[in-house]
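Here the structure comes first, spelled out in structure tokens, and everything after it is commentary.
For this chain, numbers begin at 1 and follow the sequence in order. Given the structure is predicted, the values throughout are model-derived calculations rather than measurements.
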Amino acid sequence: MAGSRQRVMLGLVATMLAVATVGVVVNKFVLQAEWWQEDHQTTTEPAPSLLNVGPPPGPVAVGWQLTTQIRRSGLSPYDQVAHALVDGQLVVATTRGLDVRDARTGTRRWHYHRADWLLLGWAATERHLVAYLERAGHRDNRMILGFDAAGGQLLWRQKDEVPAVTERSTLRWPAGSDVVLTASADDRGTLRGRSVFTGRQVWTHALPRGCALPEAGTYASDASDALAAISLDCRGRSRVLAVDPRTGQTRWSQEFATPEPPEIAVRGEVALVADGTALRAYDGAGKEFLTRPGDDVCGATMCPAVISGGNLIVVYRSGQGDASRRMESIEISSRRSVWQRAVPAYPALVAKGDRLYALRPNLAPNLRPAGIDVIAAGSGQTATVPAPLVVPPGPTGRPWLAAGGGLLYVAVPETLSSPSGVVRLVALRAAAGGPGPAELGGVSAADWPDACSLLTRRDLPKGHRSRPVYVTVGEVRLPRPVSCTYEPDGDQRRRSGREQSAGAPTVTVEWVADSAASASELLSALRATEPQARQADIGDEAYELNPSSGTIAVRVDRYLIGVSAFQNPGLATRLARAAALTLRSTSP
């Protein structure tokens, strides 16, 4: 009996060992095997040539466009979509992986996806891309991969290494001069430089005592071929370290009085630092040549800034609120202010040649489409044109802007088509003008209806008076009111016993397009930025943008009007229907 029990026990142990061995083998050769995990497509076609120019001042139209779904990773700051122009190609980076397209046409070139892994960081140099991935649910299982940007061929792989620091809004981490900055997963007190060609370590840099590399942060690092700057965690104080990415040698190091890590942007050899007390700019030697004080000088995002012709051009707040924003050009060598002017709250800015391109959230107050300002870098002279897209309000994602090959690339977040949302990228090209000014997309200013004529006294509550609002776009002033708010008159206010202007209904002619199709596309773009939008049976096409608030957008032929009635959706619907009928009967 004892021998029998022993044989049974040995058999059980052998079975358990066999099961364990099978589990290890399955995990190693199946679950972690490259042959099924990787979805890797490459190309041998040469990289496309992309001229170093954007579109000229004037009307723009959609050349091609792309939507990318935001894939939920379960790791909050990493649910992002980011873009870059690298070697004539458009790079789309998401937690799913890298997708690379011909920047001229949007056609697919190569991609790298990996099943059950998340891309949580990426870097780019002139002709290389580097990706950092972690296995889902196994954060200690990680790798860095280096790719040839043109064809997507895998050049090297490095395990147990992590990015020096990733930017939360784009997942990008610093690289320059064919070197990517990394750290050991177990030692964040040493900065490392690795070749993007081979993955071999080319230098190490020990951080100041008591300082460590943060894992991630908003605008916590940035780099160019000449300079890499990183905000360090240093035991109750903050520090910015600037190094030469080729050698790892310190260019300069600066402490700041505030305990929170400063926000950083690098443009050429210039580093901008916002530490909560001021915006400061440092040249390549670490000399401070610009200081603009203010605890909210940049607002919710880092100040937009570019380098053009030896000048730093930066947008910042000179006081409280967006109305105080200014764009200023400073000659770096002399620290002299060359020009400055008031500007709207640009969410994105890019320089290409002697032109700057700035994205306006709205073409003008009360007008629906976004706008593009084409700015002469030497003088600040500006031409404004509408863009066929809508920038969502609030902190729903940072728009992205780039230029090249005669195109202007704009990416904005949307909510339509997915609970997680999507990011829409539009490549804008120069377009033919129309009979009207470029500021209005070629539509004549005389085509704009009077917003105060769209409702009659029979449509409105008793005892209201109209307050018209006029708009100027660039050098063009629309001759008729684009918006009309109906406020209670003095007798009505006294009878009600309270001020009602906050709830006064408003009718706005938000846009007049060159065609019904163009107006419909703009309304679709607006709907895509509103998570609660639902269709309404008004005019040719209509949506309740927020059913509980009483806001409706209506299209009648090529006209787009908006009606709002504060927390009164029933009144908003009735007024929108009346305004649409009037517009249809009076428009040519």
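- Looking at S324, its side chain never comes within 3.5 Å of a backbone N or O of R317 through a donor-acceptor pair.
- The ring pair (Phe, Tyr, Trp, His ring centres under 6.0 Å) check on Y219 picks up nothing, with sequence neighbours excluded.
- By the 30° and 60° cut-offs, the orientation of the rings of W448 relative to W511 is perpendicular.
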(request) Please step through side chain to side chain contact (heavy atoms under 4.5 Å, CB included) for the pair L425 and T68, ending with a clear verdict. (result) CA-CA 8 Å; L425 179 134; T68 304; over 6 Å; no
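- The shortest distance between side-chain heavy atoms of V374 and Y357 falls below 4.5 Å.
- Annotation: the span from R477 atom CZ to Y470 atom OH amounts to 7.0 Å, rounded to 0.5 Å.
- Side-chain atoms of N362 come within 3.5 Å of backbone atoms of L367 as a donor-acceptor pair (strictly under, hydrogens ignored).
- At least one side-chain heavy atom of L408 sits under 4.5 Å from a side-chain heavy atom of L401.
- The shortest non-hydrogen separation linking A513 to S518 is CB-CB, 3.9 Å.
- Here the straight-line distance linking atom CG of L90 with atom CG of L66 works out to 7.0 Å at 0.5 Å rounding.
- One finds no salt bridge joining R527 and E541 here, because no Lys/Arg side-chain nitrogen approaches an Asp/Glu carboxylate oxygen to under 4.0 Å.
- Under a 3.5 Å cut-off, the side chain of R480 and the backbone N or O of D450 do not form any donor-acceptor pair.
- Salt bridge status for E544 with R534: present, with a side-chain N to carboxylate O gap under 4.0 Å.
- N366 CG to C484 SG: the interatomic distance, rounded to the nearest 0.5 Å, is 11.0 Å.
- When all heavy atoms of Y409 and R104 are compared, the pair lying nearest together is OH-N, 4.2 Å.
- Heavy atoms from other residues, nucleotides or ligands lying under 6.0 Å from CD of E260 number 12 at most.
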(message) Apply side chain to side chain contact (heavy atoms under 4.5 Å, CB included) to residues L349 and M327 and explain how you reach the verdict.
(response) CA-CA 11 Å; L349 176 70; M327 173 181 278; 3.9 Å; yes
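- S549 is linked by a side chain to side chain donor-acceptor pair (under 3.5 Å) to T551, counting only residues two or more places apart in sequence or in another chain.
- With hydrogens and angles disregarded, a donor-acceptor distance shorter than 3.5 Å links the side chain of R574 to the backbone of D459.
- In this structure, V554 and V563 have side chains that are not in contact, with every pair of non-hydrogen atoms separated by 4.5 Å or more.
- How far OH of Y559 is from CZ of R584: 11.0 Å, rounded to the nearest 0.5 Å.
- Nearest heavy-atom pair across L85 and A103 is CD2-CB, 4.0 Å.
- Between V443 and V512, the shortest heavy-atom distance links the atoms CG2-O, 3.5 Å.
- For the residue pair S329 and N311, a side-chain donor N or O sits within less than 3.5 Å of a side-chain acceptor on the partner.
- Listed for the K352 side chain is a donor-acceptor partner under 3.5 Å among the backbone atoms of A403.
- Put simply, the side chain of S444 gets close to the backbone of A446: a donor and an acceptor are under 3.5 Å apart.
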(request) Starting from the C-alpha separation in whole Å, work towards a yes-or-no answer on side chain to side chain contact (heavy atoms under 4.5 Å, CB included) for L363 and T384. (result) CA-CA 8 Å; L363 182 66; T384 302; 3.6 Å; yes
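- What you find for L119 and L171 is that their closest heavy atoms are O-CD1, 3.9 Å.
- In this structure, the side chains of Y346 and R360 come closer than 4.5 Å at one or more pairs of heavy atoms.
- Y282 places no side-chain N or O within 3.5 Å of a backbone atom of V273 that could act as its donor or acceptor partner.
- Residues P214 and S231 have side chains not in contact (no heavy-atom distance under 4.5 Å, counting atoms from C-beta outward).
- Taking the side chain to side chain donor-acceptor pair (under 3.5 Å) definition, one finds that Q65 meets it with R424, sequence neighbours left out.
- L575 has its side chain within reach of L455: a pair of non-hydrogen atoms, C-beta onward, lies under 4.5 Å apart.
- The residues D537 and R577 are annotated as not salt-bridged, no charged nitrogen and carboxylate oxygen being separated by less than 4.0 angstrom.
- Side chains of W64 and L407 form a contact here, defined as non-hydrogen atoms less than 4.5 Å apart.
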(request) With side chain to side chain contact (heavy atoms under 4.5 Å, CB included) as the test, would you mind laying out the steps for Y543 and L526 before giving the verdict? (result) CA-CA 9 Å; Y543 295 98; L526 170 60; over 6 Å; no
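- Looking at T508, its side chain never comes within 3.5 Å of a backbone N or O of E510 through a donor-acceptor pair.
- The CG atom of L272 sits 12.0 Å away from the CZ atom of R280 when rounded to the nearest 0.5 Å.
- With hydrogens and angles ignored, the 3.5 Å screen pairs a side-chain donor or acceptor of R341 with a backbone N or O of G380.
- Atom CD of E288 has more than 12 neighbouring heavy atoms from other residues, nucleotides or ligands inside a 6.0 Å radius.
- The closest side-chain donor-acceptor pair between E414 and T67, if any, does not fall under 3.5 angstrom.
- Rounded to the nearest 0.5 angstrom, E487 CD and S466 OG are separated by 9.0 Å.
- Side chain of D540 to main chain of D557: a donor-acceptor pair is present (N/O by atom type, distance under 3.5 Å, no hydrogens or angles).
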(request) Check the pair R326, S318 against side-chain hydrogen bond (donor to acceptor under 3.5 Å, both in side chains), reporting the backbone distance first and the verdict last. (result) CA-CA 7 Å; R326 300 196 66 78; S318 59; 5.3 Å; no
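- L454 is listed as a side-chain neighbour of L583, based on a closest heavy-atom distance under 4.5 Å.
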(message) With salt bridge (Lys or Arg N to Asp or Glu O under 4.0 Å) as the criterion, how do R267 and D222 come out once you've worked through the C-alpha distance, each side chain's angles and the decisive distance to 0.1 Å?
(response) CA-CA 9 Å; R267 303 292 183 266; D222 203 357; 3.2 Å; yes
(request) Evaluate the side-chain hydrogen bond (donor to acceptor under 3.5 Å, both in side chains) criterion for residues T506 and T485: first the C-alpha distance (whole Å), next the side-chain angles of each, then the deciding distance (0.1 Å), finally the verdict. (result) CA-CA 4 Å; T506 299; T485 298; 3.0 Å; yes
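- The two atoms that bring L428 and A387 nearest to each other are CD1-CB, 4.3 Å, heavy atoms only.
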